[in-house]
Amino acid sequence: MTELHLALLAGAPRHGYDIKHEHDAWFPDSRPLAFGQVYATLARLQRDGLAQVVETRTDGGPERTVYALTEEGERRLRAWLAEPAAAAGSGADEIVRKTIAALHTGIDVRGFVSRQRASHLRRMRELQRNPPGAGAAEQLVREHVIAHLDADLRWLELATELLPSSGQQQPLRTATERNNP
Amino acid sequence: MSTVELSGVSHAYGRTQALRDVSLTVAPGEVVAVTGPSGCGKSTLLLLAAGVLRAQSGRVVLTGTDLAGADEAARARIRRRSVGIVLQFGQLVPDLPVLDNVALPLLLEGHAPREARAAAAGWLDRVGLDVPPTTLPSELSGGQAQLAAAARALVTGPLLVLADEPTASLDTATGRQLLDLLVTSTTAAGGSVVLVSHDNAVAARADREVRLRAGSVVHEVALS
Amino acid sequence: MRTATVWLLARPRSAASRTRGRLVAAGTAVAGALTLAGLAVLRVPTVSWATGPDARPVAPDLRLSPLVTEAGLQPGVLTGLGLLVVPALALAWQALTTGSARRTTVLHALRLVGATPADLRRLAAADAGVLGLVGGLLAGPLYVALWLVLGAAVPPSARLLPPLDPRDVVSWPVVAVLAGLVAAAAGALSTRARRRRRVRLWWRLAGLVLAVVAIAAALQTREVGRATSVALLGGGLLLFLVAVLTAGSAWVRWRAWRLARSGRAVDVLTAAGLRGLSGAGGRTAGSVFVAGIALGIATQFATALLGDAYGDATVYVPGVALAATAAVLAVLVAIAAMTLAAADDLATTRRALASTAALGAPPAVLEQVQRRRLQVVTVTPVAAGVLLGTAVYPASLEGPGPLVLATLGVLGVAVLLVWAACRGVVRALRPRTRLAADPSSLRVA
Ligand SMILES: Nc1ncnc2c1ncn2[C@@H]1O[C@H](COP(=O)(O)OP(=O)(O)OP(=O)(O)O)[C@@H](O)[C@H]1O
Ligand SMILES: [Mg+2]
């Protein structure tokens, strides 16, 4: 999150409220940023010398502190962008956890797969319907989400194909069974 | 009245049972995706809906006509007036320039060649196929052939577009555009679209997904 | 569908379809010219040497060969001409239905966009009808050429064709129009999805027996009159041809099955190629077999003539020459038909060929496969035909010695020629094979 805040500050000095809105505009389909998190992060950036307070404004409303990047902050941002993102594949996603749990317990696997598929497709459908006036960058963010949902679905298809094709669903063997064949 | 209605349809090629007791109703203006693993019977379902294959059991009603009682000529006429087909492998007529290929349904319907070609040129432009009109199908790339097939399917303003993997040979962006064109230009006029695909992004364009497996429907959900 | 559309879609477009058009027209032209010749021969009054209460001696027309003036011999000439028509028509039909696989693709694609069976018939009839009409019109000049060779250029005692006559000018356009109509009908027929109904073995045998009986009857009963004789002989021969031609494809499939069992790459590929062309291959094998029979019979007569069994031999020379020409022509046509089928097969299976090449089969192997396929359907049938032809109707009165020698000689020459023709054809097809095996064919639909 740190580096993303640096990126949000890179265009122009901003106060916390601006940062939150900028973030939500950049990532229209992800969880909105909480104000608390913005201020906590800005405080940390200032402490580490990556950002500095440039101005305190009061345009009739509440007092607002405007932050800007320091040289160190900009260097950090550039270094971050110079590194590719980790090809995570952590398996920690909720969908993986649920599917694996369904396979292990054997609780309505087919139903689960069907519901998951429908839910993913519905989401993809929403995302594909571009709101009028959406910018290229916003569309690209949506496309990224779509691609991920598509990857999830492909994985889910694989899971369906690996299921026993007919008859009652058999739970996978438990760890104890595996250890004592 | 539904655009096409298959009820309890089964079909076998020799000993291969391709479809077992499948029912599917497509309402006017509806977009339905048919998905499923390779060899599950998707293309067979499409050919049955188009009246190219005859159902061995069950009933197919296409734009109000029961195909069981229609002879080959009658089925061909329904197909060229109300149905646009885009098949998996393009299926253009070899040796016929791409412009005439697209104009073909209109020509068969008895339109003057000049009008038919003008309409065809318009659709070639809309699908974004930019080649000289005298190009032969063998001189097109796989994706270009698919664009031409799509133009040919749309040229009559059909009530039903049946598309089998319409975007399989296209890059993501072109595929998305073609899909948009197929869906919007058909549904805007109250027509329906049946999309067969392995691609989830294509399935997600639909209002409803019908999933086949080994010739039977395993799930059917509304997406809208 | 408008007429303009019919022409638009029926017009030949590729070089291959223009070649096909020329062959259809050529085959029809030859058949038409031969029909005109037959009509001319029919005009010649015949004399019968038969004795009986109402036999009146009539002086034969001495400006013509006795082959056409004698009542007993004229049916033989007419049948010979009729037999020559068959390979010419076979070539036309083969060219018309050529590219069965490609035509199937076209028909399927047209059906898909909603062409009715009637539309397809109209397209094919327009295409073939024009070609037939062109062939029929060419038949006139061709007949004149034939007349120059068989009538004007030879001494009176060997002339088979009477002088040109106003009636020829009348029959020409009639033949041309008929050729167009027949070709159009054939074209329309060729669009029908062929439902392969197996002809029962029983029926084939019955047909064969009937054919042999009819031929024998025609040869035995010289007194039944010209019309009956020609009808019996022609009908019998036609039945015989049909029986042999249908048996041909079964034989080809059997050969393919045997080859496939051997497991050698070339044999397995040849077998696949034969199976794909079992129809055309069977027709070729059948025609070559019949041509072999004609050669065999001609050999017999030639031997007998050389042995001077019939006194004045020159009278029969045109007949023997006609039979030999017919046989050679039939062999050439059969090979041409097979070549056509093979070239067409190359065009339609070029993706398969290219992938075979891409899998590592060298071009030499592909050529070898082609040659094998052509030889399988020609060499054995011609040999079998020659042997049968010499055995079936022993005309020699002088013991078997010279006949056996002559047969062996003709057999050797025929087999060698056919074998060489196959090599030549494959050689001539080499550029097409190369082209077909080119990787760029991999992406052609
Ligand atoms: N013409 C045919 N002759 C014999 N069998 C066929 C024919 N067409 C299809 N089949 C068989 O019928 C089954 C269903 O085929 P179909 O083409 O409908 O599958 P599909 O779902 O479209 O597959 P894919 O996703 O690979 O295109 C398969 O097992 C296939 O082998
Ligand atoms: Mg398919």
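Just so you know, these numbers use all the heavy atoms, side chains as well, and skip hydrogens, waters and symmetry mates. Just so it is clear: chains get the letters A, B, ... in the order the sequence lines come, proteins before strands, and each one is counted from 1.
- Note that CG of B/Asn200 and NE2 of A/His120 are 9.5 Å apart. Values are rounded to the nearest 0.5 Å.
- Proximity to chain A (any heavy atom under 4.5 Å) is shown, for B/Ala33, by neither the backbone nor the side chain.
- No more than 12 heavy atoms of other residues, nucleotides or ligands sit less than 6.0 Å from atom NE2 of A/His144.
- Proximity to chain B is absent for every atom of A/Glu126, based on heavy atoms less than 4.5 angstrom apart.
- A distance of 4.0 Å separates CZ in A/Arg117 from CZ in B/Arg211, rounded to the nearest 0.5 Å.
- The number of heavy atoms from other shown groups lying within 6.0 Å of CG (B/Asp130) does not exceed 12.
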Side-chain atoms of residues 214-224 of chain B: list all donor-acceptor pairs with protein atoms under 3.5 Å, sequence neighbours left out, distances to 0.1 Å.
from, atom 1, to, atom 2, distance (Å)
B/His219, ND1, A/Ser114, OG, 2.5
B/His219, NE2, B/Glu209, OE1, 2.7
B/Glu220, OE2, B/Arg208, NH1, 2.3

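- When heavy atoms are compared at a cutoff of 4.5 Å, A/Arg123 does not approach chain B at all.
- Summarising the local packing, CZ of B/Arg54 is surrounded by more than 12 heavy atoms from other residues, nucleotides or ligands at distances under 6.0 Å.
- The CG atom of B/Asp199 lies 6.0 Å from the CG atom of A/Asp150; values are rounded to the nearest 0.5 Å.
- Within 6.0 Å of the OH atom in A/Tyr17, the count of heavy atoms belonging to other residues, nucleotides or ligands does not exceed 12.
- Once rounded to the nearest 0.5 Å, the distance linking OG1 of B/Thr35 with CG of A/Leu153 reads 10.0 Å.
- With rounding to the nearest 0.5 Å, the separation of CZ in A/Arg125 from CG in B/Asp207 is 4.5 Å.
- Looking only at heavy-atom pairs under 4.5 Å with chain B, the residue among A/Arg129, A/Arg154, A/Met124, A/Arg115 that has the most is A/Met124.
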